[in-house]
Amino acid sequence: MSEYDPKKIEAKWQKIWAESGIYKSSEDQDRPKFYVLNEFPYPSGEGLHVGHLKGHIATDIYARMKRMQGYSVLHPMGWDAFGLPAENYAIKHKIHPREAVEQNIARFKSQLNLIGPDYDWSREINTTDPDYYKWTQWIFLQMFKKGLAYESNEPINWCPSCQTGLANEDLENGKCERCGSQVVKKPMRQWVLKITKYADRLLDDLEALNWPEFIKEGQRQWIGKSDGLLFKARVKDLPDGKAGTKIELETFSAHYEACYADTFVVIAPDHALLDDLIKGVEGEKEIRNKVEEINIKRLQDKYKTGELEGVFTGRFLDDPLGNGHLPIWVANFAVTDYGTGVIKCSAHDEQDFAFAKKYNIPIKIVLVPQDQELKKRVENFEVCYSDMKNGILLEPLNLSGKTGAELRDLIAEYVIENKWAKRVTMYRLRDWVFSRQRYWGEPIPLIHCDGKGSPPTGGCGVVAVPESELPVKLPEVKHYEPTGTGESPLADIPEWVNVKCPKCGGKGRRETNTMPQWAGSSWYYLRFVDPHNEGVLVDKKIEKYWAGVDVYVGGAEHVTRHLIYARFWHKFLYDIGAVSTIEPFSKRIGTGLIHASDGRKMSKRWGNVANPDEVIERWGADTFRLYEMFLGPFADSVAWNDEAIIGPRRFLERVWKMVTQNSKRKTQNQSVDLKISKYIRGISSDIENFKFNTAVSKLMILSRELENLVPNTYNLETFLKLLAPFAPHICEELWHQLGHTDSIHIQKWPQVSELTGVEGNVINLRVQINSRIGGSIFVSSDSSEEEVKTVALSSPIIAKRLEGKQVLRVVYKPGIVLNVLTN
RNA sequence: GCCGGAGUGGCGGAAUGGCAUACGCGCACGACUCAAAAUCGUGUUCCCUUACGGGAUUGAGGGUUCAAGUCCCUCCUCCGGCACCA
């Protein structure tokens, strides 16, 4: 009998598995398919820490069970390697990003392989591989051709440290998500994807998804749909209405029920129209100074406490509803990015009310509560009343006297009929700013045509690179550091930039912006299905077979980033007939983080990183895998604990001994052990539901039972099959020691016995007296209430406890409990 | 502020309305050992009791039920998401 030596058996079996190809996926038409995917990693220079492996272990366990259950399993892995971190790492280490990425991938892959995963590496993809990003560019071109990619010069978020424009999704509390710098608004030429066109579908299709509620809700809020009215009105010069300007302002209102109360207007301090609006008014300079002050204070987060600040612009809006001339104020609480950036304000909004009070702006009441006392206080402007549902409306006069809820539609119809407003739907979601002024990304495959002859001759405008010329390869370049000029480093390579226009053959310049880091990851799950296809993104037949990732595991940080982008691209690909499903991921499972034992995030900075290489070197991969799954509920964040890993190792030592030392074992016995069925059912459903911690616990309990029983071969083998997904190496080794020559990982998953729960079994029934523990009795599971009652009352222990008491009532739940109620 | 999730031993955590604290760590005692480590065994929610026993207990308070960690209401705390969003 040899000792359990994980190092020896793990290396041995990993080699054999790789050579035998038991994990290769294929479109086997005779078997149902199952596509399980963990988010592919970004290969940073830090390498993986133990927390990164949690999702990989989980999907590995899941995939292994599914394979044993007879599914044709797809469980691939690849690399998301374009983007700022790789580029910054390369700059810091003075190597080319491509080299940095190659090094980092090699390191990541060797670390991933330490856990003995069942990844089909023949399907490995890398977003920076021209054969891959050819198709990223192809998708962009299709969007361009459908008018979903457009050039814009709007002010966008600019990160002064990363020296690139960013999308809203790249911000965290107004700061750059990557480096934490305060972003500034900067007008610049950029490419934008019309994700807003898909807003409704992204919202509506959420309902059918088997996703955690917090993710769905997060996306709903991110999309931020709200229906309302868009009012349009002209700006006046003077309070008396003489000499009107040409400026027209649009205001959006979702709570328009009380629109007759509007007495003033506010505009965002960074609004594009503000400059024209203020031009020529009395005290213009002071106003501008104040506006500037508000803008600066806002950038410095000075208003987080809810302080209101504003300045009168000197202009008035001619109220379409006939409320006269409404003063236009600049207010710190108005945001340019939402609605139109201009708001009609009234006494029936907490914030507007407070603002009006502060600056003594006249207000008016048109909405009152039923409660008379409160009504008085509202009418005296003592409190703000904003209940648009239950409040009684006093205006418009022709509709007055009913609640806001009753009148909402009627008021909308009324003002629309009078052409004062129109119905609109606003979204918080903005179109996706898609260009980056950095080197390490997919080149945007477009050419700006300057036309033939000497300029200016107009040219063909922006022309798509012909699909036959894809990929537009990222050129080699000496200096790939960001330029900070609003152009990417690619602009400095004339031999790459200057090309002929594909349309007219005249002078053309390549687009020099690159795509954001999210581009390649927005469709990678599709490429795994058909990774080497040179002629098409993914073959239709093959796509149809694998269609839809059945289980997609990943982190919570992607709720409003990757998971929205990928859904958007997928829906677009559906629209052009490239894929057959409307959603990419049917089921989403969130991975909880693993914190360091000190409770903080694992980071080199804190020196608290648990390194998987070291942990596996010391304990073995199987112990490591079991431990990570046993730490706590999969979706929860848990703290790494160096001490507790000994538990799973002790468990495996016992398993090893149980199989290798048991000479008294009975010969092959196919009779079904009823007891083990309970574990088969429990462990299978635990894995199915990502409840790995309780599955491990059940395996530990089962092993104890088997140790005590002098297990027969059938039970032992069943146990090994149940443990195999968690601890693939030791189970494979023991399986072979039991005399098998094929792999345990392609055996049939244990089936639950049909014999369980059969009528007439003798069971141990719990007896309670007055709902408290009273004892237990053995009865047949199909006994009647009378029979059970008789047995219970004649049981000595129970009889003794009932001495001197009268039985008033019994409650019988067959198979569960008999509750005897006494006086 | 709005939305989502969670509060259970010394610690990580378990529990289709039916024996709360499974499983693991740690700790205590015992076996083995000259000794230690490792391993194995026993015990381990808290309080009272030498013991036998008894009492309390799932963030707080109320409710439904024969029976509540679990369902309902009010509140507190923590975590996560969104937010001067009109």
Side-chain angles (χ1 to χ4, degrees), chain A residues 172-173 212-226 228-229 251-256 262 265-266 268 298 301 303-309 331-346 348-352 354-355 386 426-428 556-557 559-560 590 592-593 597 626-627 630-633 635-651 653-654 657 685 691 693-704 764-776 808-813 815-822:
Chain A
E172 238 164 41
N173 297 321
E213 187 53 35
F214 82 94
I215 301 184
K216 293 209 245 185
E217 187 55 28
Q219 295 210 347
R220 279 184 211 115
Q221 286 176 5
W222 189 260
I223 294 165
K225 179 177 181 171
S226 82
L229 294 179
T251 60
F252 173 69
S253 179
H255 311 293
Y256 51 77
D262 294 339
V265 172
V266 299
R298 200 147 80 157
D301 286 349
Y303 294 118
K304 287 290 166 195
T305 48
E307 187 204 340
L308 299 174
E309 194 164 13
N332 66 327
F333 63 83
V335 282
T336 319
D337 274 352
Y338 188 75
T340 62
V342 189
I343 320 159
K344 286 214 298 168
C345 298
S346 79
H348 299 300
D349 175 279
E350 298 280 353
Q351 201 162 251
D352 299 352
F355 190 82
S386 59
M426 285 291 175
Y427 299 91
R428 210 193 68 94
E557 69 276 21
V559 168
T560 53
L593 297 172
S597 42
L626 274 169
Y627 178 59
F630 189 55
L631 260 175
D636 289 9
S637 289
V638 287
W640 181 260
N641 180 347
D642 282 319
E643 287 192 326
I645 194 170
I646 184 85
R649 174 61 189 256
R650 284 179 185 150
F651 165 61
E653 298 273 6
R654 289 206 320 270
K657 276 185 198 154
S685 82
K691 292 171 73 175
N693 55 333
T694 54
V696 173
S697 149
K698 287 183 177 87
L699 285 162
M700 287 171 169
I701 300 169
L702 175 57
S703 79
R704 289 287 191 193
N764 193 351
L765 186 76
R766 186 171 314 132
V767 179
Q768 296 177 339
I769 294 166
N770 292 325
S771 306
R772 306 193 54 139
I773 315 156
S776 66
L808 301 175
R809 186 184 158 194
V810 293
V811 177
Y812 178 47
K813 293 269 172 153
I816 299 169
V817 75
L818 180 84
N819 192 1
V820 182
L821 301 167
T822 72

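Excluded from the calculations below are hydrogen atoms, water molecules and symmetry mates; all remaining heavy atoms, backbone and side chain alike, are included.
What separates CZ of Arg654(A) from P of C23(B) is a distance of 11 Å, to the nearest Å. Per the geometry, CG belonging to Asn770(A) stands 13 Å off P belonging to A68(B), to the nearest Å. Following rounding to the nearest Å, Asp349(A) (CG) and G1(B) (C1') show an atom-to-atom distance of 12 Å. Between the P atom of G80(B) and the CD atom of Gln221(A) lies a distance of 15 Å, rounded to the nearest Å. Separating the CG atom of Asn819(A) from the P atom of G17(B) is a distance of 18 Å, rounded to the nearest angstrom. One atom, CZ of Arg220(A), and another, P of G80(B), lie 21 Å apart when rounded to the nearest Å. If you measure from atom CZ of Phe333(A) to atom C1' of G1(B), you get 16 Å, rounded to the nearest angstrom. The CD atom of Glu172(A) sits 8 Å away from the P atom of G81(B) (whole-angstrom rounding).
Out of G81(B), G4(B), A67(B), the shortest distance to the side chain of Ser771(A) is found at A67(B). Each of A14(B), C85(B), G4(B) was ranked by its minimum atom distance to the side chain of Val335(A); first place goes to C85(B). When distances are taken from the side chain of Lys657(A) to each of C23(B), G18(B), U39(B), the shortest belongs to U39(B). With A15(B), C25(B), C19(B) as the candidates, the nucleotide lying closest to the side chain of Gln768(A) is C19(B). Listed candidates were C23(B), C82(B), A86(B). Nearest to the side chain of Tyr338(A) is A86(B). Checking C85(B), A83(B), G13(B) against the side-chain heavy atoms of Trp222(A) singles out A83(B) as nearest. Among A86(B), C66(B), G24(B), the nucleotide with an atom closest to any side-chain atom of Arg704(A) is G24(B). Of the candidates C85(B), U16(B), A67(B), U16(B) carries the atom nearest the Ile816(A) side chain, counting heavy atoms from C-beta on. When each of G18(B), C85(B), G81(B) is scored by its nearest atom to the side-chain atoms of Arg428(A), the top-ranked nucleotide is C85(B). Listed nucleotides: C82(B), C40(B), G18(B). Nearest to the side chain of Arg766(A): G18(B).
Between the side chain of Glu217(A) and the base of G81(B) there is no donor-acceptor pair of N/O atoms closer than 3.5 Å. A donor-acceptor contact under 3.5 Å is not formed by the side chain of Glu643(A) with the base of G26(B).
Within the 4.0 angstrom heavy-atom criterion, no nucleotide atom of any strand lies near Lys225(A). Within the nucleic acid shown, Ile646(A) comes within 4.0 Å of sugar-phosphate atoms alone, with no base atom in reach, counting heavy atoms only. Residue contacts for Leu631(A): at a heavy-atom cut-off of 4.0 Å it reaches the sugar-phosphate backbone alone, with no base atom in range. Pro633(A) comes within contact range of the sugar-phosphate backbone alone, with a heavy-atom separation under 4.0 Å but no base atom that close. No contact: Ala635(A) has no heavy atom under 4.0 Å from any strand. Among the atoms of the strands shown, none is found under 4.0 Å from any heavy atom of Arg649(A). Using a 4.0 Å heavy-atom criterion, one finds that Asn641(A) contacts no nucleic acid atom at all. Within the 4.0 angstrom heavy-atom criterion, no nucleotide atom of any strand lies near Asp337(A). Using a 4.0 Å heavy-atom cutoff across all strands shown, Glu350(A) reaches no nucleic acid atom at all.
For the C1' atoms, the distance from U8(B) to A60(B) is 15 Å, rounded to whole Å. U57(B) and U50(B) have their P atoms separated by 24 Å, given to the nearest Å. Using C1' as the reference atom, C78(B) and C23(B) are 26 Å apart when rounded to the nearest Å. Between A38(B) and C27(B), the two P atoms lie 10 Å apart (nearest whole Å). Annotation: G12(B) and C46(B) have their P atoms spaced 16 Å apart (nearest Å). Distance check on atom P: G43(B) versus G53(B) gives 16 Å, rounded to whole Å. Comparing the same atom, P, in U74(B) and in U42(B) gives a spacing of 49 Å after rounding to whole Å. For the P atoms, the distance from U45(B) to G9(B) is 13 Å, rounded to whole Å.
Between the side chains of Ser771(A) and Asn819(A), at least one donor-acceptor pair of N or O atoms lies under 3.5 Å.
Nucleotide C75(B) forms a Watson-Crick or G-U wobble pair with G59(B), both donor-acceptor distances falling under 3.5 Å. Pairing for C11(B) is with G24(B), a Watson-Crick or G-U wobble pair whose two hydrogen-bonding atom distances lie under 3.5 Å. In this entry C29(B) has G41(B) as its Watson-Crick or G-U wobble partner, both defining distances falling under 3.5 Å. In this structure, A68(B) makes no Watson-Crick or G-U wobble pair, since no nucleotide meets both defining distances under 3.5 angstrom. Nucleotide C2(B) forms a Watson-Crick or G-U wobble pair with G81(B), both donor-acceptor distances falling under 3.5 Å.
In this structure, CG in Leu229(A) is found 9.5 Å from NZ in Lys344(A), a value given to the nearest 0.5 Å. Separating the NZ atom in Lys691(A) from the NZ atom in Lys698(A) is a distance of 6.5 Å, to the nearest 0.5 Å.
Each of Leu821(A) and Met700(A) has a nearest nucleotide on RNA chain B; the 5'-most of these lies closest to Met700(A). Between Arg298(A) and Phe630(A), the one whose closest nucleotide on RNA chain B sits nearer the 5' end is Phe630(A).
Phe355(A) places none of its side-chain heavy atoms less than 4.5 Å from the side chain of Cys345(A).
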- Query: After noting the C-alpha distance and the side-chain angles of Glu350(A) and Ser386(A), does the key distance pass the side-chain contact (heavy atoms from CB on, under 4.5 Å) rule?
  - Reply: CA-CA 7 Å; Glu350(A) 298 280 353; Ser386(A) 59; 4.2 Å; yes

- Query: So Ile343(A) and Thr251(A), side-chain contact (heavy atoms from CB on, under 4.5 Å) or not? Walk me through it.
  - Reply: CA-CA 5 Å; Ile343(A) 320 159; Thr251(A) 60; 5.8 Å; no

- Message: For a side-chain contact (heavy atoms from CB on, under 4.5 Å) check, start with the C-alpha distance between Arg704(A) and Arg654(A), then their side-chain angles and the critical distance, and finish with the verdict.
- Response: CA-CA 9 Å; Arg704(A) 289 287 191 193; Arg654(A) 289 206 320 270; 3.3 Å; yes

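Between Glu653(A) and Lys657(A) there is no salt bridge, since none of the side-chain N atoms of the basic residue sits less than 4.0 Å from a carboxylate O of the acidic one.
Proximity of a side-chain donor or acceptor of Tyr627(A) to a complementary backbone N or O of Asn641(A) within less than 3.5 Å is detected. Within the 3.5 Å criterion, the main-chain N or O of Glu307(A) finds a donor-acceptor partner in the side chain of Asn332(A).
Note on Lys216(A): every side-chain N or O is 4.0 Å or more away from OP1 and OP2 of C82(B). Within the 4.0 Å cut-off from OP1 or OP2 of A14(B), at least one side-chain nitrogen or oxygen of Asn693(A) is found. Contact annotation: Arg650(A) does not reach the phosphate of G24(B) (side-chain N/O to OP1 or OP2, under 4.0 Å).
Base orientation for G9(B): syn, the chi torsion being within 90° of 0.
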